[in-house]
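Reminder, nothing fancy here: chain letters follow the sequence lines and each chain counts from 1.
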Amino acid sequence: MSTKPNHLSEKKPLASKLQQNGSSTSNTNKMKTPVVPNKKANMKNTKQMKKSKFSKSTKVQPGSTDGQRKWTTLVHNGVIFPPPYQPHGIKILYKGKPIDLTPEQEEVATMYAVMKDTDYMQKPKFLENFWNDWRRILGRNHVIQKLDDCDFTPIYEWHQQEKEKKKQMSTEEKKAIKEQKMQQEEKYMWAIVDGVKEKVGNFRVEPPGLFRGRGEHPKMGKLKRRIRPRDITINIGKDAPVPECPIAGESWKEIKHDSTVTWLAFWNDPINPKEFKYVFLAASSSLKGQSDKEKYEKARMLKDYIHNIRAAYTKDFNNKDKDPTKRQIAVATYLIDKLALRAGNEKDEEEADTVGCCTLKVSNVECIPPNMIKFDFLGKDSIRYENTVEVELPVFKAIGQFQAGKGENELLFNALDTSKLNAHLKELMPGLTAKVFRTYNASITLDQQLYEETEEGDVAEKVVVYQKANKQVAIICNHQRTVSKTHDSQILRLTERIETAKQELKELKIDLERAKKGKPPLKGADGKQKRNLSPEAIEKKIASANQKIEKYEMDMTTKEDLKTVALGTSKINYLDPRITVAWCKRHEVPIEKIFNKSLLAKFAWAMDVDPEFRF
DNA sequence: CCTCTCGAATCGGGGTGAGACTA
DNA sequence: CTAGTCTCACCCCGATTCGAGAG
């Protein structure tokens, strides 16, 4: 991770920007204390910091001893644990009879009971995994020998009542509880990084529960056990005080002082002990902002290389004598570039069966002559990717050949994996990997769309232009959302409203004609006599009715259009915020119309961009 | 006819935790 | 490989808007 040359000429050191930012956010957070660390060790560093950050970025070359260092001092308060389980003592029935459970057994039973009305109850895998874990906790010799004979209804009903009680609570009570929680959590919300107070992202330890994977996950239903202090490793500056363990009588697993990483704490994932859960700083922090900026700078760099890269892969898939690996790389790169596919790492049996570019199976693509390819597969989060695209003829032929002689379940790109692909990409441009194409294509699309489509008009119209561009990007990236449960009824109601409005309009037009001739208006649909109005007044009403219809129709088309498209994801992860900020500046659109509070905080680093900025 | 009020519907944002990518 | 970081959709809850009815 080398520092880009254009960072070196940064006008302001990032730290000073964040100071400003910190003080402005502190207002909203009712923070009265200035952004100053309270420990002496850090007082010293606060002063050094501005200077050292400046000099570091101007003098220290990548690869030097401190090229890996992410911070110099780090102070934080560790993590907060979910409250302990409160036994309710409600008994489940086994073969119709109430059964006593220990609090631990009861806790797991409760996790299961509350999922009664979800569709997990229909999934054999879920039931099997849950039963295995619960049985272990019950002990092999427990009277309960079969999940099927258990009746969890009493716990479920109790849980429903509790939920109801919570709902019934007055706003004051709710507020008081929230206030108290805030007070407890306040100290965990902040870390002091190089003397600057920064927000911590996820300082709450994940509560125990039953694992719910996305799609057909082999581990669904497994018990995610409670995490204890002894599971948690803390990372903190050498001179910083060790965070106090919030559970009396217990202690942290380990204290580390690793300044080459950005995590504040981690623990092993109880579902997959080989994996880890980390506590990081929030997206609005300088550390995250910096790497975010680097991500977009890398994507921008691709702009200068893309022409050659495209020329190269076009040459490669045209060249039939080339070794198959090269040809597969060329086609894969083409797909990643053109369709913004993900790289597609190999996955083992323990994970849901989803694919990306390198792991596409023969059955996921279908060649439709003369030159169309139909893709149909489950991608990340088991989201379906379904798309039929026209491709260049050599690509069409090549894919046909890759499929030839293979079974449905074999890899389309058998000579390829993500590391080979990325190794190849790195030869084309320093630091280039598959995911850079997604960022590049998303951002360049937004930039072009905004440039081409924005016309003179009022703010609302310009915002619509932005949303349209945003939608295009979301479609490219296949960012989907499930259709809301109430979508159909919403559409229905809009249709009804349009109908009644049209009916009204019709009557108004008749009334207008009559009014012009001095006749009274007709009776309405309800049979009541309407008032006499002047033609001008009726005209006004007609205009407003027309507007209403237009608005409803607009609402309906956008609603229908966007019912399965999620706009937020690309805004947060793929669109260079400087494109948006510059566009807002040029067209006098208030940035708040596009970015909400958290995006504004996250993209603080992009706010002073030149209005003429192009991606 | 207009304005206000109140409950319901809807929206939007933060949080969450699983999933993917890469050095 | 493992460790570390980035991505991503869903969920929930509070805020806002809507719409019916009262005044």
Within residues 271-281 of chain A: residues closer than 4.0 Å to DNA chain C (heavy atoms): Phe276(A), Tyr278(A), Phe280(A)
Nearest-Å distance for atom pair CG/P, residues Asp119(A) and dC10(C): 13 Å
side-chain N/O Lys435(A) vs dT22(B) OP1/OP2, d < 4.0 Å: no
Sorted by number, the residues of residues 565-579 of chain A with heavy-atom contact under 4.0 Å to DNA chain B: none
Side-chain N or O of Asn202(A) closer than 4.0 Å to phosphate OP1/OP2 of dT16(B): no
His217(A) side chain near dG19(B) phosphate (N/O to OP1/OP2, under 4.0 Å): yes
N/O donor to acceptor pairs below 3.5 angstrom from side-chain atoms of residues 424-431 of chain A, sequence neighbours left out:
none

Short side-chain N/O contact from Thr354(A) to OP1 or OP2 of dA20(B), under 4.0 Å: yes
5' priority, DNA chain C, between Arg342(A) and Lys256(A) [closest heavy atom]: Lys256(A)
Atom pair distance, as rounded to whole Å: NZ in Lys380(A) and C1' in dA20(B): 5 Å
Within residues 421-432 of chain A, residues whose heavy atoms come under 4.0 Å of DNA chain C: none
Residue pairs, two or more places apart or on separate chains, that pass salt bridge (charged side-chain N to carboxylate O under 4.0 Å, His left out) and touch residues 562-579 of chain A: Glu297(A)-Arg578(A), Glu560(A)-Lys563(A), Asp576(A)-Arg578(A)
Pairwise salt bridge (charged side-chain N to carboxylate O under 4.0 Å, His left out) hits with a residue in residues 260-284 of chain A, at least two apart: Glu206(A)-Lys277(A)
